[in-house]
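One structure is given here, and the rest of the page talks about it.
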Amino acid sequence: MDGIDSKKLLDKRISLKDAIAKFVFNGCSIAFSGMGGEQVVAPTYEIIRQGQKDLTLIGDSPCEPADFLIGTGQIKRMEVAWAAFAVAGVSQNYRNAVEKGIPHEIEVCEFSNYTMGLRFLAGSLGIPFMATKSLMGSSLEKYNDWIKVIDDPYKKKEGKIALVPAANPDVAIIHANQADKLGNTQFLGFSSNAENIARSAKRVIVTCEEIVSTNTIRKNSALTAIPQYVVDAVVELPYGSHPWNMPFTYAYDLPFHMEMIAQIETVDGFKKWIDKWAYGCKDHADYCEKVGWQRLHKLSSVEKQFYK
Amino acid sequence: MDGIDSKKLLDKRISLKDAIAKFVFNGCSIAFSGMGGEQVVAPTYEIIRQGQKDLTLIGDSPCEPADFLIGTGQIKRMEVAWAAFAVAGVSQNYRNAVEKGIPHEIEVCEFSNYTMGLRFLAGSLGIPFMATKSLMGSSLEKYNDWIKVIDDPYKKKEGKIALVPAANPDVAIIHANQADKLGNTQFLGFSSNAENIARSAKRVIVTCEEIVSTNTIRKNSALTAIPQYVVDAVVELPYGSHPWNMPFTYAYDLPFHMEMIAQIETVDGFKKWIDKWAYGCKDHADYCEKVGWQRLHKLSSVEKQFYK
Amino acid sequence: MSTDCKGAPSTNYTLQELLVAAAAREIKDNEVVFVGVGIPCLGAFVAKFTHAPNVVLVVESGCIGSMPYRLMLGIGDNACNENAIAATSLWRAFSDQQRGYFDLGMLGGAQVDKYGNLNSTAIFGKGDYKHPVTRLPGSGGANDIASSAKRTLLMMNQQKRRFLDKVDYITSPGYLDGPGAREKYGYTGNGPSVIISNMAIFRFDEMTKEAYLDSVHPGVTVDDVKKEVSWDLKVSPNVKVTPPPTEEEVEIIHILDEKKIYTGKGLKELTFESYIGMLEKSYTTLKSMFPA
Amino acid sequence: MSTDCKGAPSTNYTLQELLVAAAAREIKDNEVVFVGVGIPCLGAFVAKFTHAPNVVLVVESGCIGSMPYRLMLGIGDNACNENAIAATSLWRAFSDQQRGYFDLGMLGGAQVDKYGNLNSTAIFGKGDYKHPVTRLPGSGGANDIASSAKRTLLMMNQQKRRFLDKVDYITSPGYLDGPGAREKYGYTGNGPSVIISNMAIFRFDEMTKEAYLDSVHPGVTVDDVKKEVSWDLKVSPNVKVTPPPTEEEVEIIHILDEKKIYTGKGLKELTFESYIGMLEKSYTTLKSMFPA
């Protein structure tokens, strides 16, 4: 990292390409926000274009970031709770890697969604662990040394509690509805674990549907999930979650997703998909062009009817 | 507690008198929300009227709830970080109790604002403790057995971390801007520790400036700090924080507070104050009448200019 | 143990619709229910439109009290935000569950055992955890729901290789190895209360914590079920036939899942145009059904 | 170590105004500052209106980036919400501090020692912790700020009985018993950087961690200060005179604290009418000073 503290910049706007080049490096640990919706898709394509290797993916339930970066061979290790595409289907690349070592074996360290959330919460608090009543007695505890079951020091009689360690990824990428150039970041709906994923990371890239004025932020201060002092870079990235949904902004493109899943079921099909949508697009605008602006616009307009 | 689960009621509206009578009992532990502003004042007067005894006060920085209930002899034990009246002055009743045993000695178990916040957070998570980097090496740790300093189980080399135990008060009283009859509770500004104080408690009384429709709640779902399933009773209590401020609703009545502090500096003066404002008012409406509705209205109208 | 179904039984329903209705009937009014996607989620909405109007639905992404004008297509779908009472965080929703506020959670898996332990992580086959024959998605929130929801509803495909004496991997704890095991860990929740399969409904014996056959779906026999269970299945002395969905329930299912995304093969047949049409229609229809 | 003060020095200022300006100069632009109430808080706002327009002020009640059109009368005053960048919770604000995001915290106390440890809990006198001669309010957030803000500013009354070799009770850790002590506990913050008293400014020696005299306020001698310190005070070889506030700083202080609530005896003289008048006037004046 260079000498300037990027968290103190008064204008953090930067291109997606530059943000990924600056903060995502070979061998880094990386976390992505999103829970189904609000998925960090466009930055995943950019990481594929740039080809950073040996990544440790730390996440709750990553979809494209897990499946794609496993498929391209960029992931070495995953600390996650789940990897698939929800209603659209399973993660064939995850299956290939674990079942057959294709394209190569990956280390898997498993938690649950909540306890990954607690790992990010602990990271965001600057403390080494968090206690939980989950995990105990299950096979997650059995197969994962990072889950420690201890005697509750405050209980007079026997009492057990599980501990999970803080997560502190080298870099987090957060996709949000809006942010200002200082990095103050707002979600218009749920935020899944985003506010803690950001704070747990050393470096934070916020991508957002729209860059807004700081005055807009101040007018809705209850919506600010991530304050400026957490953030290193801000990228305006409309439709950055496509084909996933973005609350209050555009609907889920389920038909697109179904087409994608059908195609990436085979190793060859996945290669073709990545050739077309990652390498075949010079940037996210090019991706949008290829999806079709009219289609994207339709997803926005159908979404807006729900808030009439 | 009776057999009906009050958290499941579809209409939790009740008078302040009935709420205090139902949920605050002799010997109970009790927590109040507020941090300077949003102070739980009117319910404190009602507890004085009803006279519940041997209370354990669990809080961060309680003002009237600590000072008054110590002065009336209703508090047996306090687990707090601070007790005073901020810019308005010190807590003479707290001083009297600790320095001279007037009206009687109280047990004091001290934490800091953050670590009380963490105790409520742990309580709200249903876990027995929370780790922190505060407290270690200070006299708080030295004089408080509930603060445990342990070896960090995740650190290979030497590493210390402090633990604080969860707080789980028998009852919490939360004063908020608005709530619906189901108990969905919203703050229009900061919420200090309210969302966790509520969740940490067995029973929760929400008092609010205004009861609103559930539709109003749904329209601003980001503002909901406490969902209905946490709450047992809802009391509409306009000016419930007076003389303290309520964000977006009324300004701090600092002159009233200065007059109060001057009077309650002596044991006799405190008795007179309580005679007039607690015993001398049959309820909170009576208190408002005595303060003067015109004065209260002025505090509201001057506040509103700030949001023009 | 399930809610009585009032209203005329449907004479024209599918198995999927029966499953939705069966899930719906596990929900009591005013309960707080942690919903996932698919059939059980559909069941929760059917409950909300029939006998449980005050049910509070919570999803993992952090929305509480959602009341969407469309089918929820995921736990992070925009639908989750719609008319929600609170839009908050994943960690907070799960924390509220761990604190004990959630009455019912809904789970599925690839394997279940007689104690209601679920596996959604890996089918070992001739391999092991690190080299399984089939790698599944993993816990997601399932372990947490199984640990902390007051009770859980399990939805399963009825196959001998899925109803096992012992699952390969316990993703989501049921009663673990039997009576007293959950208590040892001090879980917030009490464990599974029902398994709904495509052939039958199972409940758990209070003493032995073992799943027993409580009802068979219309047209299925007790022996049919026993053939698809690996352990020596206990059968209720008064085993019932699962009541079919009512006409009202079927009608609501048709409205909610117009394109049969969860209750048929609709997902595979979806075009962009038919999908947008579905969203547009759903808004109009559902808005008129929910009270303002 | 403090910011240079540009602009013409005032020739007509009070001691309180000098203290406000001294506090203001400890703040650099773009820093995140955890503010309390009183003189240091006023200092933070003076900094914002002069050399540090991009400073982010955070208060304990949970407001980040407040930009109020009035004097902040407490850490939970409505003023804190005004124009805030984020309205959140106490525990979150402090967590962000513990995570290492806050550059400066501001503290006061009844006793300080040479290692910058502060006591705001109890003066033992002939008694002890449980039976002190004077019970003080307690830590509030002070222990947390002292542990975790990157550096802290301490504001004290200069009296021999308050500047001690050892405080009765360490509410807020400074350098504890000297070099290496903070490191042992792995605090997030680096400890106190300055003590501003009504007579002088002290800084801390990087090697010994002991407070030394860095500057005396105009009209005060080094000996005057030494008389009001209990330990053998080290004095900087080039001890300075604290620069007076500039005319601009004094003017801003007059606007912000028009009724001299923090910088005079205004608190005791306040009437309801004069107080409301103060709020009304402040709104108009400050709104015009802050850029929209």
Side-chain angles (χ1 to χ4, degrees), chain A residues 4-12 118 120-128 130 166-169 172 176 178-187 191 194-204 206 212-232, chain D residues 27-34 48 52-59 61-69 78-105 144-145 147-150 185-190 287 290-292:
Chain A
I4 301 156
D5 185 353
S6 41
K7 293 189 198 299
K8 292 284 190 214
L9 293 173
L10 294 174
D11 188 347
K12 297 171 181 168
L118 291 178
F120 290 122
L121 180 60
S124 83
L125 264 60
I127 56 172
M130 192 70 67
N168 285 112
Q178 55 191 41
D180 68 5
K181 64 182 178 182
L182 291 156
N184 294 297
T185 301
Q186 299 188 325
F187 290 91
S191 56
E195 72 268 35
N196 294 330
I197 292 176
R199 285 168 168 94
S200 74
K202 294 181 190 73
R203 297 293 167 190
V204 178
V206 168
V212 297
S213 72
T214 301
N215 260 351
T216 299
I217 300 287
R218 292 188 194 277
K219 272 179 194 134
N220 298 284
S221 56
L223 298 180
T224 307
I226 305 169
Q228 61 190 66
Y229 49 71
V230 175
V231 176
D232 296 88
Chain D
I27 295 170
K28 302 186 194 76
D29 199 17
N30 300 358
E31 288 197 319
V32 182
V33 181
F34 209 5
K48 193 164 180 69
N54 301 297
V55 69
V56 175
L57 306 180
V58 184
V59 293
S61 53
C63 295
I64 297 165
S66 308
M67 211 169 72
Y69 301 144
N78 292 351
C80 306
N81 289 296
E82 236 181 298
N83 290 304
I85 275 169
T88 172
S89 308
L90 184 143
W91 72 270
R92 178 61 84 180
F94 276 103
S95 294
D96 281 359
Q97 179 176 254
Q98 186 174 258
R99 179 69 181 82
Y101 293 123
F102 295 0
D103 299 292
L104 179 67
D144 312 301
I145 293 170
S147 302
S148 294
K150 280 188 201 155
Y185 294 107
Y187 295 134
T188 300
N190 299 319
K287 189 151 187 178
F290 271 114

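No hydrogens, no waters, no symmetry mates; every other heavy atom, side chains included, goes into these values. Residue numbers begin at 1 in each chain, while the letters A, B, ... track the order of the sequences.
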Query raised in the report: Do the non-hydrogen side-chain atoms of Arg99(D) and Asn168(A) ever get within less than 4.5 Å of each other?
Result: yes
Query raised in the report: Which answer fits Ile64(D), side chain, backbone, both or neither, if we ask what part of it has an atom under 4.5 Å from a heavy atom of chain A?
Result: side chain
Report summary line: Applying side-chain hydrogen bond (donor to acceptor under 3.5 Å, both in side chains) to Gln186(A) and not counting sequence neighbours gives Gln178(A), Thr224(A)
Query - Structural part of Val32(D) lying under 4.5 Å from a heavy atom of chain A - result: both
Query - Which atoms of Leu125(A) approach chain D - backbone, side chain, both or neither, heavy atom under 4.5 Å - result: both
Requested in this report: Name all residues meeting the ring pair (Phe, Tyr, Trp, His ring centres under 6.0 Å) criterion together with Phe94(D); count only those two or more places apart in sequence or in a different chain, and write none if there are none.
Outcome: Tyr114(B), Phe34(D)
Query raised in the report: Among Leu9(A), Thr214(A), Val230(A), which has the most heavy-atom pairs under 4.5 Å with chain D?
Result: Val230(A)
Query raised in the report: Backbone N or O of Asp144(D) within a donor-acceptor pair of the Gln97(D) side chain at under 3.5 Å?
Result: yes
Report task. Would you tell me whether Tyr229(A) and Asp103(D) have side-chain atoms, one donor and one acceptor, within less than 3.5 Å of each other? Result -> no
Query raised in the report: What residue in Ser124(A), Pro227(A), Ala225(A), Gly123(A) has the most heavy-atom pairs under 4.5 Å with chain D?
Result: Ser124(A)
Requested in this report: Decide yes or no on side-chain contact (heavy atoms from CB on, under 4.5 Å) for Lys150(D) and Glu31(D), but give the supporting numbers first.
Outcome: CA-CA 11 Å; Lys150(D) 280 188 201 155; Glu31(D) 288 197 319; over 6 Å; no
Requested in this report: Heavy atoms only, distances under 4.5 angstrom: which of Leu10(A), Ile217(A), Asp180(A) has the most pairs with chain D? Name it, please.
Outcome: Leu10(A)
Query raised in the report: Who among Ser221(A), Ala222(A), Gly126(A) has the most heavy-atom pairs with chain D under 4.5 Å?
Result: Ser221(A)
Query raised in the report: Of the backbone (N, CA, C, O) and the side chain (C-beta and beyond), which part of Ser213(A) lies under 4.5 Å from a heavy atom of chain D, both, or neither?
Result: neither
